[in-house]
Amino acid sequence: MTQRIPVIENIMGANERLAAVNRSRLDAAGVFSINLMASPGAGKTSLIEHTIRGLMGKLRLAVVDGDIATSIDADRAAAAGATAVQINTGGECHLDAVMLQGALAQLDLNQVDLLLVENVGNLVCPAAFQLGTHQSILIASIPEGDDKPYKYPGMYRGVDALVINKIDLLPYIDFDMDYFRRGVEALNPGLITFPLSCRSGEGVEAWLEWLLAQTAV
Ligand code: MG
Ligand code: ZN
């Protein structure tokens, strides 16, 4: 009856140990890294493109793209000017530390200042699997609705910053920003947020400035 729990704990323990190994490798090479999580279509890849273009000449960027299939996102990151590695998870709905380890092996980390890891689009399990990255960022978007912090609390609880994308759509969608923010505040008090639009570019500068400040630490 109770066999299941120890097995799951062992898997998570192994993942956390490997995440710590990944972190050591990143630290040794002086790489600052972030794990970008969001539901499908929230704008992870679009934000990555803005980030690559916005920080070009200031930082050397690399992108690791996790997807169930295709290399569309890594191709977009490469086209924007970053070194990009695609991880196809073969059906898995999240990245784990083993997958990131494999991706890190394909990068010359000494040539990288900032590593952006795009997780698989999913608001449930990515939050449970540490990768070894320094910070976790969640991207929410206006069309997803204002109730998402209430429905997916695990995702909002553990993150270091929240991007609220597609604010250009606010006039067209019933999205109660106060209700949304109350939900966020209850789960993650004082969480820094970046309302922005990857489409119009509004608000992107504040995100870039914050990211630059993080990497300088
Ligand atoms: Mg994407
Ligand atoms: Zn999963």
Side-chain angles (χ1 to χ4, degrees), residues 4-5 7-16 18-19 22 33-55 61-103 106-107 114-133 135-144 148 151-159 161-166 169 194 196-199 201 204 207-208 211:
R4 213 179 143 78
I5 291 166
V7 171
I8 290 171
E9 281 177 352
N10 286 343
I11 291 168
M12 297 311 274
N15 187 72
E16 278 172 30
L18 191 53
N22 288 344
S33 54
I34 65 172
N35 177 15
L36 278 167
M37 298 181 288
S39 67
K44 295 184 293 303
T45 312
S46 297
L47 187 67
I48 286 170
E49 288 173 319
H50 271 288
T51 304
I52 294 166
R53 297 203 175 100
L55 298 181
L61 263 76
V63 177
V64 170
D65 260 296
D67 263 307
I68 290 172
T70 80
S71 63
I72 293 170
D73 288 357
D75 294 345
R76 284 173 63 185
T83 306
V85 175
Q86 182 74 44
I87 301 174
N88 282 137
T89 65
E92 284 286 341
C93 47
H94 57 267
L95 293 182
D96 62 25
V98 176
M99 296 180 208
L100 183 59
Q101 182 184 43
Q106 297 178 55
L107 289 167
L114 174 62
L115 175 69
L116 305 174
V117 180
E118 178 177 351
N119 216 308
V120 181
N122 177 343
L123 281 183
V124 186
C125 40
F129 288 83
Q130 292 182 23
L131 304 179
T133 45
Q135 292 201 343
S136 296
I137 311 295
L138 176 63
I139 306 172
S141 68
I142 300 305
E144 292 168 45
K148 291 304 167 289
K151 288 183 153 180
Y152 300 95
M155 188 60 79
Y156 282 80
R157 233 177 238 129
V159 296
L162 172 66
V163 171
I164 307 170
N165 190 21
K166 309 192 190 184
L169 296 180
F194 298 96
L196 56 80
S197 166
C198 285
R199 189 156 177 269
V204 171
W207 155 253
L208 295 176
L211 199 51

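The analysis underlying the following values was restricted to heavy atoms, covering all of them including side chains, and did not include hydrogens, waters or symmetry mates. Just follow the structure's listing: the first ligand is 1, and inside any ligand the first atom is 1.
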Exercise. Check whether any N, O or S atom of Thr45, backbone or side chain, sits closer than 2.8 Å to the Mg ion (ligand 1).
Key: yes
Quiz item: Which distance, rounded to the nearest 0.5 Å, do you find between the OG1 of Thr83 and the CD of Gln106?
Solution: 12.0 Å
Quiz item: Out of the N/O/S atoms in Glu118, what is the name of the one closest to the Mg ion (ligand 1)?
Solution: OE2
Exercise. Please step through side-chain contact (heavy atoms from CB on, under 4.5 Å) for the pair Leu123 and Leu138, ending with a clear verdict.
Key: CA-CA 9 Å; Leu123 281 183; Leu138 176 63; 3.9 Å; yes
Exercise. Specify which N/O/S atom of Asp73 comes nearest to the Mg ion (ligand 1), by atom name.
Key: OD2
Quiz item: Closest N/O/S atom of His94 to the Zn ion (ligand 2), by atom name?
Solution: ND1
Quiz item: Where the side chain of Asn119 meets the backbone of Ala38, is there a donor-acceptor pair that is under 3.5 Å apart?
Solution: no
Quiz prompt | Contacts of His94 that satisfy ring-ring contact (aromatic ring centres under 6.0 Å, His included) - sequence neighbours left out | solution = Phe129
Quiz item: So with a 6.0 Å cut-off around CZ of Arg199, is the heavy-atom count from everything else above 12?
Solution: no
Quiz item: Of the backbone and side-chain N, O or S atoms of Asp65, does one lie nearer to the Mg ion (ligand 1) than 2.8 Å?
Solution: no
